[in-house]
Number of protein chains: 2
Amino acid sequence: MKLIKYPSRTEWAEILKRPSLDTENLFDTVRSIIDRVKDEGDRAVKEYEAVFDKVELSNIVVTEEEWTEGIANVGEELKAAITLAKKNIETFHAAQRFTGQKVETMPGVTCWQKAVAIEKVGLYIPGGTAPLFSTVLMLAVPAKIAGCQEVVLCTPPGKNGKVHPAVLFAAQLAGVDRIFKVGGVQAIAAMAYGTESVPKVYKIFGPGNQYVTAAKQLVSLRDVAIDMPAGPSEVEVLADASANPVFVAADLLSQAEHGVDSQAMLVTTSEDLLLEVVEEVERQLIELPRWEIAAKSLSNSKLILVRDMKEALELTNEYAPEHLIVETESHTEVAERVVNAGSVFLGSYSPESAGDYASGTNHTLPTNGYAKAYSGVSLDSFIRKITFQEILPEGIAAIGPSIEIMAANEQLDAHKNAVSVRLEKIDNKKLK
Amino acid sequence: MKLIKYPSRTEWAEILKRPSLDTENLFDTVRSIIDRVKDEGDRAVKEYEAVFDKVELSNIVVTEEEWTEGIANVGEELKAAITLAKKNIETFHAAQRFTGQKVETMPGVTCWQKAVAIEKVGLYIPGGTAPLFSTVLMLAVPAKIAGCQEVVLCTPPGKNGKVHPAVLFAAQLAGVDRIFKVGGVQAIAAMAYGTESVPKVYKIFGPGNQYVTAAKQLVSLRDVAIDMPAGPSEVEVLADASANPVFVAADLLSQAEHGVDSQAMLVTTSEDLLLEVVEEVERQLIELPRWEIAAKSLSNSKLILVRDMKEALELTNEYAPEHLIVETESHTEVAERVVNAGSVFLGSYSPESAGDYASGTNHTLPTNGYAKAYSGVSLDSFIRKITFQEILPEGIAAIGPSIEIMAANEQLDAHKNAVSVRLEKIDNKKLK
């Protein structure tokens with residue numbers, strides 16, 4: 001960990017620098033996989049599964065039997081925990097339902113927005129060391145609340161050719177329609193273009209490594225929408241002397257264990273807290289099964305001492321962390337002044353883990369400073385707001401002349417004419 | 001125009017095909033311009049302005065004097081029209097303000113979303129034959145309502161080195177902070193990375209040619225957000241025998257005049273209407289100043305006769321038009337069944353021109369079938385919804401054990417530990 005005391009403003013950019021993400025240099029490799037899947041469908045998908053996931057599949061669809069069998073292997077305790085989390089995620093996302101109001105901008109001119117679900121969505125759940133069943137909930141639950149008609153999920157199978165039971169359970173609970181045993185670039189390509197087995201979807205969600213990210217970026221250039229650009233996960237703890245160093249250390253470590261490129265940062269006004277946190281991190285670290293990853297990631301992590309809360313907030317808003325834990329005396333006031341962050345956790349008893357799993361908020365959030373421009377996944381991510389307008393003759397009579405003038409000045413006379421023919425008709429009626 | 005009668009479903013894909021957008025083949029050219037602007041700032045911007053816009057600029061900022069002088073050249077009639085349009089756009093977008101509600105997902109677990117404006121946004125307004133002052137309103141008005149702190153605008157100057165007066169007027173009226181005389185790829189690069197004159201922004205909005213689109217896509221891969229991918233503009237008129245062929249023809253032509261690659265389509269259940277529209281288009285076309293562009297664009301346009309309204313709607317939802325005009329007897333019912341469209345215009349007196357200019361809805365909309373996954377620009381485009389959560393000891397006591405189980409099963413023990421240390425503290429307090 002790097003201890004940085006009272007950095008000057010000119011040093012901020014360097015301190016807040018993140019590891020650079022260069023997916024463009026993967027585009028050629030990734031493009032060739034995408035193109036083959038686009039052209040050859042399932043056959044290419046299976047070949048890539050054999051190469052990358054070391055598994056020979058005769059069928060990439062998870063059958064009903066496999067699904068039922070897998071779920072039977074999930075313990076009751078885990079089922080109950082996933083069910084509780086699902087309920088809270090559902091409660092929070094259902095409260096985000098949008099009801100547009102009709103607005104009469106002028107007499108006879110009524111405009112409104114209507115939320116309509118994206119019909120087909122694809123969820124990607126990475127494989128690797130841990131089965132991310134929590135991400136299944138975070139993506140499938142809002143998709144179902146939004147009313148998406150087809151929710152499919154791709155995830156790489158284990159060496160045994162099977163999908164992890166907990167992923168199957170979460171998917172069933174959340175209402176996923178179909179699961180495919182496909183991972184990596186080939187999964188993104190399959191959902192973007194469709195294969196004999198995998199339907200083409202309109203938007204793809206979910207985390208992944210840099211190849212998956214590059215694939216999502218490439219297919220989103222013209223063919224399908226994606227949730228957001230992804231980068232390594234990160235947390236900032238913003239704390240003052242009132243914070244509990246044991247909690248702060250635990251929160252930093254929970255981020256650090258994600259991967260060696262994870263970012264964990266402490267910004268504090270208290271030098272005592274900073275020193276206590278350092279000791280506490282060392283104490284807790286050695287107890288962790290994933291201590292090696294955490295230690296590596298921590299070697300890049302920064303503990304920053306600042307002059308006051310104002311400076312702390314400016315630094316925070318400049319960094320725009322994915323997760324921000326505010327453990328300060330008046331955390332409500334501090335939170336008011338946060339403008340750039342993905343998800344904010346207030347007070348001593350709101351660890352990031354709560355939002356990662358079970359409080360109800362979404363854990364798919366903007367990393368890498370994207371919080372300055374992007375929101376995390378929410379119900380909004382699964383809908384479109386279509387605008388409607390209904391204009392009555394009195395309405396077009398009121399706005400028509402202005403439209404004619406503007407259109408003529410933009411040299412778009414046919415635009416003008418579309419109004420003129422209507423105004424004429426109204427005039428003729430009046431004359432009669 | 002191509003008349004297509006009762007096409008079979010197998011023909012739909014071919015009929016609904018759009019011209020393919022290949023921006024990837026421009027990436028190398030565009031990347032080199034972006035990189036030079038990133039490295040050399042204003043100097044590179046000015047050089048590219050000399051090359052592409054044929055204008056030598058000593059200063060790319062529009063000064064206050066230039067701004068005032070330009071506005072003095074705008075006629076009162078046009079000023080009044082723009083002012084009326086601005087008021088309606090403001091009324092409709094102000095009604096979109098988001099107020100998050102606090103949701104207690106479990107006792108002691110409170111979660112909410114808060115809308116926060118994107119601090120810095122950049123608007124791009126293309127040059128070319130017509131000054132798109134209407135687009136200035138469509139982008140700057142919601143940016144100001146959202147509360148964006150810095151709203152900058154880039155637009156290529158005319159050969160005289162000046163920005164069109166109507167653009168200056170609309171920008172002032174809508175509250176744009178600064179205008180820069182920069183167009184094309186160099187404008188996108190300047191706003192993405194900042195130069196001595198142009199501030200770096202967090203999100204870039206606005207239409208443009210394929211080079212501008214490619215530049216927006218490239219900078220959005222890792223550095224800045226963009227509004228949405230862009231393609232040629234398009235309209236579909238969905239009409240039955242009750243429709244007025246004069247209006248329908250005028251609406252098709254108003255799309256066709258945009259450019260030779262514009263898409264104008266009629267889907268109708270009435271053969272009589274179809275034939276009347278063909279005649280009417282020919283009659284109106286010759287009156288248009290831009291008839292050559294319109295005629296070229298119309299040569300690709302399709303007039304499709306279908307069996308019934310059900311089929312008409314299925315075809316429409318498959319096409320997902322940017323603009324959809326519904327001129328049918330029971331247009332409210334028909335509109336209920338539209339699931340894929342950018343903006344929908346209902347009834348005989350709601351021409352697309354109304355939404356393009358002055359009814360209040362936004363005209364920056366998803367083209368190219370993107371309406372299946374994207375919304376048009378709205379107030380949402382200028383904010384982020386940050387999630388907050390505040391968990392009390394009783395709350396973490398309720399959800400903590402489930403988090404511990406889930407985290408352990410995802411092999412994330414530090415995540416588990418961040419909860420455990422808090423539960424221990426609560427237990428210890430109870431024991432005392």
Side-chain angles (χ1 to χ4, degrees), chain A residues 21 78 81 84 88 91-92 95 103 105 109 111 116 118 130 202-203 222 225 246 250-251 253-254 257 288-289 339 343-344 346-347 349-351 353-354 357-361 372-373 375 384-385 387-391 393 396 399 402-403 405-406 409-411 413-415 417-419 421-422, chain B residues 21 78 81 84 88 91-92 95 103 105 109 111 116 118 130 202-203 222 225 246 250-251 253-254 257 288-289 339 343-344 346-347 349-351 353-354 357-361 372-373 375 384-385 387-391 393 396 399 402-403 405-406 409-411 413-415 417-419 421-422:
Chain A
L21 302 173
L78 180 57
L84 176 138
N88 289 347
T91 303
F92 186 55
V103 180
T105 55
V109 181
C111 308
V116 181
I118 298 172
Y202 302 148
K203 190 167 182 179
R222 46 173 197 269
V246 179
D251 292 337
L253 283 165
S254 78
E257 79 173 337
L288 292 176
V339 291
S343 195
V344 185
L346 301 176
Y349 290 92
S350 308
S353 306
Y357 289 106
S359 63
T361 58
K372 287 179 178 174
S375 307
R384 293 140 306 145
K385 291 180 183 170
T387 50
F388 288 79
Q389 61 199 285
E390 184 170 11
I391 305 180
I396 198 73
I399 62 173
S402 293
I403 299 170
I405 293 162
M406 292 174 79
N409 273 280
E410 286 192 355
Q411 297 166 37
D413 288 78
H415 281 64
N417 194 49
V419 170
V421 292
R422 285 164 167 101
Chain B
L21 302 172
L78 180 57
L84 176 137
N88 288 348
T91 303
F92 185 56
V103 179
T105 54
V109 181
C111 307
V116 181
I118 298 173
Y202 301 148
K203 190 169 182 177
R222 45 174 199 269
V246 178
D251 291 337
L253 283 164
S254 78
E257 78 173 337
L288 292 176
V339 292
S343 195
V344 185
L346 301 177
Y349 290 91
S350 308
S353 306
Y357 289 108
S359 62
T361 57
K372 288 180 179 174
S375 307
R384 294 141 304 146
K385 291 181 182 169
T387 49
F388 288 80
Q389 61 200 284
E390 185 171 10
I391 305 179
I396 199 72
I399 61 174
S402 292
I403 300 170
I405 293 162
M406 292 174 78
N409 273 281
E410 286 193 354
Q411 296 166 37
D413 288 80
H415 281 65
N417 193 48
V419 169
V421 292
R422 285 163 167 102

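Keep in mind that what you see is a predicted model, and the values were worked out from it rather than measured. Proteins get letters first, then strands, A, B, ... in listed order; numbering begins at 1 in each.
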In terms of heavy-atom pairs under 4.5 Å with chain A, which of [options] leads?
options: B:Gly347, B:Ala358, B:Pro289, B:Ala81; value: B:Ala81
options: B:Val116, B:Leu84, B:Leu253; value: B:Leu84
options: B:Arg222, B:Glu390, B:Lys385; value: B:Arg222
options: B:Ala354, B:Ala418, B:Ser350; value: B:Ser350
options: B:Ala95, B:Ala225, B:Cys111; value: B:Cys111
options: B:Gly360, B:Ser359, B:Ala250; value: B:Ser359

Quick one: does [X]'s side chain get under 4.5 Å of [Y]'s, heavy atoms only?
X: B:Ile391; Y: B:Ile399; value: yes
X: A:Ile118; Y: A:Arg384; value: yes
X: B:Val419; Y: A:Tyr357; value: no

> Where do B:Glu257 and A:Gln411 come nearest, in terms of heavy atoms and distance?
Replying inline: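 Closest approach of B:Glu257 to A:Gln411, heavy atoms only: OE1-O, 4.4 Å.
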> Which atom names give the shortest non-hydrogen contact between B:Phe92 and A:Thr387, and what distance separates them?
Replying inline: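 Minimum heavy-atom contact is CE2-CG2, 4.1 Å.
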> Between A:Asn409 (side chain) and A:Ile405 (backbone), is there a donor-acceptor pair under 3.5 Å?
Replying inline: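 Yes.
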Heavy-atom distance under 4.5 Å to chain B: side chain of [X], backbone, both or neither?
X: A:Val339; result: both
X: A:Val344; result: both
X: A:Leu288; result: side chain

>> Taking every non-hydrogen pair under 4.5 Å, which of A:Val103, A:Leu78, A:Asn417, A:Thr91 racks up the most with chain B?
In response: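 The answer is A:Leu78.
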